[in-house]
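Structure record follows, encoded as structure tokens.
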Amino acid sequence: MNEQPEVIARSAEELLGGLNEQQAEAVRYDGPALLIAAGAGSGKTRVLTRRIAWLLSQVGAWPSQILAITFTNKAAAEMKERLTTLIGPVAQRMWVSTFHSACVRILRRDGEKIGLRSGFSIYDTADSQRLVKIICTELNIDVKRYTPRSILAHISDYKNGLIDWRTRLKEHAPQFKPGQRGSKIGGFGDVEELYACVYAEYQYRLATANAVDFDDLIMRTVELLRADPMTAEYYRRKFRYILVDEYQDTNHAQYVLVRELGGVDSGGAREPGARGAGRTGPAWITVVGDSDQSIYAFRGADIRNIQEFEKDFPDARTILLEQNYRSTQTILSAANAVIALNPGRKPKRLWTALGDGSKIIGYAADNAQQEGAWIAGEIARLTAEEGFRYSDIALMYRANAQSRSLEEALINARIPYQLVGGTKFYERKEVKDAMAYLQAIANPSDDVNLRRILNVPKRGLGARAEAVLTAFAAEHRTSVWEALESLESMPDVPTRTAKLLTQFRDLMRALQTFAAGNDGSPSEIVAEVLEKSGLVAELRKSTDPQDMTRVDNLSQLQSTAAEYEQNTPDPTLNGFLETTALVADSDQLPDGDEDTGKVTLMTLHTAKGLEYPVVFLTGMEQGTFPHSRAMENESELEEERRLAYVGITRARQVLYVTRAAVRAQWGQAAEMLPSQFLDDIPENLIEWKRRETGVDSLRGGWRDDGDDEFGGFEGGYSSSSSSYGSRSRWGSASRRASSDRSSYGSYGSSSSRGGYGGGSYGSGHGSRGGSSRGGYSSGSSYGSSYGGSSSGRSGRVTTRRMKKDLLDSLTKAKSAAAAKAAESSRPSQLDVADFHEGDRVSHDQYGLGKVIAVEDKGRNSVITVDFGSDGVKRLLLRVAPIEKL
DNA sequence: GCGCGCGGCCTTTTT
DNA sequence: GGCCGCGCGC
């Protein structure tokens with residue numbers, strides 16, 4: 001193999017070939033700061049790779065001077081691959097990586113200047129949470145009130161904002177001394193003090209464990225560059241061209257990192273007459289992004305980074321890419337319409353030369369199961385009749401929990417699928433346990449991981465034994481492992497515990513020795529750990545069928561290690577640990593055009609950057625998408641809208657939007673109203689295969705205004721302005737749906753009872769704000785009291801457990817409940833035969849109206865009445881408070 | 001110290 | 001519906 005591979009020389013024509021004017025301009029732009037505002041599907045990766053090739057072959061940059069940063073490992077791998085095609089194997093020598101792995105690389109090399117010893121551990125979120133929890137317990141913090149999760153979120157915010165723990169401590173808890181047991185304080189004056197103390201203690205523990213968390217990777221790299229001018233200088237001389245993809249997703253720390261690495265503020269001057277960025281002065285910075293696709297504000301991404309790029313970087317230039325090469329105009333028009341509602345954005349309109357294509361297809365299902373079943377049917381049709389392959393199709397949803405009903409439907413229909421994301425391989429308990437052994441072997445100071453495995457598998461070392469160790473460690477300000485090493489000098493250790501601890505110590509020593517002797521073969525270390533620790537043995541002897549899978553997972557872990565070993569020039573245990581920490585699940589990521597023979601399921605977040613000929617956007621309901629927690633807050637709603645924009649623009653040819661009128665959430669049925677994003681898509685772009693559900697037609701009357709009993713039985717689809725009636729109406733109703741998800745009474749039935757059908761359902765009417773108890777009282781009856789009757793508003797039945805088959809028939813049950821309730825509260829005296837088109841009626845609430853349609857359906861007859869300014873309503877005759885005039 | 005059963009809480013989204 | 005933590009009994 002060639003030691004010094006050359007860059008394949010590419011002519012300017014080659015590099016600009018096939019590009020549109022704006023793309024070409026971006027590729028050859030000559031200057032210190034460039035923002036490529038690239039709309040979805042506008043060919044930004046192409047532009048980015050061509051630009052890199054341009055810098056190399058036309059500007060004279062060296063591969064080693066390039067730092068290309070992406071957000072995901074997949075994007076990095078893809079870019080590397082494309083670059084290899086474009087400029088040859090030399091691409092492998094460039095830094096093309098995520099922020100996190102670039103930082104690891106820097107910290108591995110120079111971290112000791114800020115106190116990081118080589119071989120430091122990288123804590124994932126679970127590790128971090130464990131640590132916070134340990135700290136909370138020791139500091140006497142009520143973890144019910146302040147969950148480790150939420151505390152960690154605050155710590156993460158600080159880090160993303162580069163706020164040092166010392167600063168926090170100085171401001172909010174100057175008396176607190178991290179790392180001293182005596183510093184435990186019972187009551188905290190305020191939450192800021194609490195966060196400051198935990199933050200400080202957390203960093204102290206990370207330091208003693210020689211560990212960093214995800215956010216530290218960025219923040220501590222910035223710290224390093226600021227603390228050590230020599231190091232900063234080294235990287236500034238090295239990286240002359242920095243390119244950042246998905247710039248809209250960068251947080252403050254990442255933004256500062258780019259500035260520091262690029263030497264933007266260091267004041268050095270570019271050598272006169274130099275080509276490109278030259279060898280001194282600020283690096284050339286190119287950022288690519290789309291502010292409309294900023295969907296990570298929740299974890300600290302700061303959209304202002306991209307919005308204010310021109311102000312931030314001197315002599316910055318912006319180039320807009322608006323031509324889309326991916327989707328039909330119909331899809332783009334929908335996307336444009338949705339995103340246009342976000343205020344304060346810079347106008348950008350995607351367009352395409354590909355033509356209109358087919359309409360967006362809409363479907364409203366009664367429940368999630370039916371939604372899944374219909375989608376499965378469509379997939380069967382698409383593949384059988386329209387020539388699509390399974391791998392052309394993707395199902396997307398807002399939250400992972402939604403995948404379940406879709407999966408079940410696909411299984412029933414025997415459609416092969418692959419799930420991307422969700423519970424990750426490395427997050428599975430058994431895998432995490434095995435990894436904890438490896439961590440503890442590689443880095444014995446790692447208290448969190450050592451404590452995790454102390455009694456895994458069960459070896460009789462419980463809380464007491466752990467307390468003995470941690471007390472000693474705290475007293476001597478050392479790690480748990482060192483405490484274990486000093487076991488003999490520890491006072492008051494019960495003989496039995498001492499014996500067990502010694503055994504554990506011997507085990508770990510043996511594993512350490514083995515690891516030291518086989519550092520180049522992580523797979524053998526994994527095998528040794530699995531064997532000697534007893535992890536596999538414990539699972540093998542279990543009778544739980546799930547444990548079989550767990551054994552398989554562990555064996556897969558070993559294979560992964562072997563794979564790593566083969567693909568890495570210089571494999572080490574630490575290298576393997578790092579890969580697993582940062583390159584989560586790269587194996588299962590969908591890969592370009594490859595025909596996997598499977599339909600792909602994933603969240604909208606995961607889908608960013610991907611594209612499929614056919615996309616199903618599922619769960620288009622208020623509260624599901626937009627997510628209920630994002631609906632209260634305007635800026636979060638804007639982010640949801642961007643997420644919708646991302647989802648819509650994933651589709652190349654056919655886009656489906658589906659929703660369910662009832663969805664199980666947290667084991668309970670909840671009524672879902674159509675997503676506002678459906679309203680945002682121009683009506684003429686959607687062809688509804690089914691628009692209204694059984695629940696919709698009932699909705700108006702008995703949830704709605706609550707107090708008007710069964711009166712306003714609004715159909716909702718009759719208004720001319722919008723296919724769904726007025727927005728405000730849906731808006732307000734939906735708020736209720738999300739905050740009071742059981743307003744329809746859940747069909748209570750304890751699991752032992754026979755289920756629905758015996759009439760055991762309750763239904764609720766005005767349950768707002770009220771008590772949420774009212775549990776299922778006696779065996780056979782149902783609480784069917786509807787407005788006005790004696791038990792009135794409290795007639796709601798709530799039972800947590802609800803059989804799945806009940807759920808399926810929920811819609812049906814509701815009509816039945818309505819019927820029952822109606823009978824008891826307001827016996828019908830009206831006969832459908834008495835009503836004719838043109839008749840005038842009077843309604844208790846809406847006043848005078850004119851009948852415009854009559855549907856004779858026996859007991860369920862409906863009349864449609866125009867109430868003038870109050871709108872057109874569909875009224876269920878037997879319950880509506882109307883009078884014929 | 002361990003296992004079981006109950007109850008509370010939960011859900012965004014991910015490097 | 002599922003996870004996690006707690007309390008209880010062995």
Side-chain angles (χ1 to χ4, degrees), chain A residues 69-76 97-104 122-126 128-130 133 137 143-144 147-150 153 156 159-160 213-218 246 249-251 253-254 294-301 368 396-405 420-424 426-427 429 454-455 457-467 494 496-497 500 581-586 589 602-608 619 623-631 636 639-640 642-643 646-647 663-669 738 741 746 751 800-804 807:
Chain A
I69 299 175
T70 62
F71 230 69
T72 64
N73 295 297
K74 189 183 140 285
S97 68
T98 62
F99 270 107
H100 296 269
S101 34
C103 288
V104 170
I122 301 166
Y123 278 7
D124 67 12
T125 316
S128 302
Q129 272 187 41
R130 266 179 95 85
K133 204 179 148 203
T137 315
V143 289
K144 287 269 152 55
T147 62
R149 203 182 127 78
S150 70
S156 181
K159 292 183 176 182
N160 290 335
D213 67 15
F214 267 131
D215 300 316
D216 276 343
L217 289 174
I218 314 291
E246 306 284 12
D249 288 333
T250 51
N251 60 37
Q254 289 161 335
S294 162
I295 53 174
Y296 285 110
F298 72 92
R299 66 172 202 215
M396 299 175 190
Y397 35 83
R398 178 61 231 270
N400 278 310
Q402 290 165 249
S403 71
R404 200 187 191 86
S405 56
V420 183
T423 309
K424 297 202 188 66
Y426 291 107
E427 285 167 15
K429 186 189 172 297
L454 190 60
N455 199 28
K458 298 261 176 288
R459 52 171 73 90
L461 291 172
R464 289 290 283 279
E466 192 179 343
R496 204 182 87 94
T497 308
L500 293 167
L582 294 174
V583 189
D585 288 334
S586 57
L589 284 163
M602 67 191 133
T603 66
L604 287 160
H605 282 86
T606 309
K608 193 169 78 157
T624 306
F625 185 37
H627 193 275
S628 56
R629 289 204 7 198
M631 285 167 57
E636 285 180 44
E639 180 144 316
E640 296 289 299
R642 291 192 289 270
L643 198 52
V646 166
R663 185 175 295 278
Q665 282 183 327
W666 311 300
Q668 270 195 121
S738 61
R741 63 177 77 94
S746 7
S751 45
R800 292 212 151 230
R801 283 172 224 103
M802 176 170 161
K803 295 197 77 166
K804 192 159 154 280
L807 211 158

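Quick note: numbers below take in every heavy atom, side chains included, and nothing from hydrogens, waters or symmetry partners. Source: prediction; values computed, not measured.
Rounded to an integer number of Å, the gap from A:Asp215 CG to B:dT14 C1' is 11 Å. Look at OH on A:Tyr426: it is 14 Å from P on B:dT15, rounded to the nearest Å. Following rounding to the nearest Å, A:His627 (NE2) and B:dC10 (C1') show an atom-to-atom distance of 10 Å. Rounding to whole angstrom units, CZ of residue A:Arg299 and C1' of B:dT15 are separated by 5 Å. Rounding to whole angstrom units, NE2 of residue A:His605 and C1' of B:dT11 are separated by 13 Å. Protein atom CD of A:Glu427 is 11 Å distant from nucleotide atom P of B:dT13, rounded to whole Å. A:His100 places its NE2 atom 9 Å from the P atom of B:dT15, with the value rounded to the nearest Å. Distance A:Asp249 CG to B:dT13 C1': 11 Å, rounded to the nearest Å.
Taking atom P in both C:dC4 and B:dT13, the straight-line distance is 15 Å, to the nearest Å.
If you find the closest nucleotide of DNA chain B to A:Lys458 and to A:Glu639, the one lying nearer the 5' end belongs to A:Lys458. If A:Ile295 and A:Leu461 are placed on DNA chain B by their nearest nucleotide, the residue sitting closer to the 5' end is A:Leu461.
A:Glu639 pairs by the side-chain hydrogen bond (donor to acceptor under 3.5 Å, both in side chains) definition with A:Arg642, not counting sequence neighbours. Judged as a salt bridge (Lys or Arg N to Asp or Glu O under 4.0 Å), and not counting sequence neighbours, the contacts of A:Arg404 are A:Glu408. Considering only residues two or more places apart in sequence or on other chains, A:Ala126 meets the side chain to side chain contact (heavy atoms under 4.5 Å, CB included) condition with A:Asp124, A:Lys432. Residues satisfying the ring-ring contact (aromatic ring centres under 6.0 Å, His included) test with A:His605, not counting sequence neighbours, are A:Tyr296, A:Phe298. For A:Lys458, the salt bridge (Lys or Arg N to Asp or Glu O under 4.0 Å) criterion is met by no residue, not counting sequence neighbours.
Among the heavy atoms of the strands, none lies under 4.0 Å from A:Glu466. Nucleic acid contact class of A:Ala463 (heavy atoms, under 4.0 Å, all strands): sugar-phosphate only. Nucleic acid contact for A:Tyr296: sugar-phosphate only, since backbone atoms but no base atoms lie under 4.0 Å from a heavy atom of the residue.
The backbone N or O of A:Thr98 lies less than 3.5 Å from no partner atom in the side chain of A:Asn73, so there is not a single donor-acceptor pair. Between the A:Glu640 side chain and the A:His627 main chain, a donor and an acceptor come within less than 3.5 Å of each other.
Where stacking is scored as ring centres under 5.5 Å apart with planes under 30°, A:Phe71 does not register as stacked on the base of B:dT15.
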Under 3.5 Å between N/O atoms: give me all the protein pairs with nucleotides 4-8 of chain C, atom names plus distance.
| residue | atom | partner | partner atom | Å |
| --- | --- | --- | --- | --- |
| C:dG5 | OP1 | A:Lys133 | NZ | 3.1 |

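The phosphate of B:dT14 has OP1 or OP2 within less than 4.0 Å of a side-chain N or O from A:Thr606. The phosphate of B:dC9 (OP1 or OP2) has no side-chain N or O of A:Arg149 nearer than 4.0 angstrom. For B:dT13, one of the phosphate oxygens OP1 or OP2 lies less than 4.0 angstrom from a side-chain nitrogen or oxygen of A:Asn400. Residue A:Asn455 has a polar side-chain atom (N or O) positioned under 4.0 Å from OP1 or OP2 of B:dC2. Phosphate proximity of B:dT14 to A:Thr603: present, with a side-chain N or O under 4.0 Å from OP1 or OP2.
Distances were taken from every side-chain heavy atom of A:Phe298 (C-beta onward) to each of B:dT13, B:dT15, B:dT11; the shortest belongs to B:dT13. Taking the side chain of A:Ala465 as heavy atoms from C-beta on, and the options B:dT13, B:dG1, C:dG2, the nearest nucleotide is B:dG1.
For the pair A:His100/A:Gln254, a side-chain contact is recorded, criterion being any heavy-atom separation below 4.5 Å from C-beta on.
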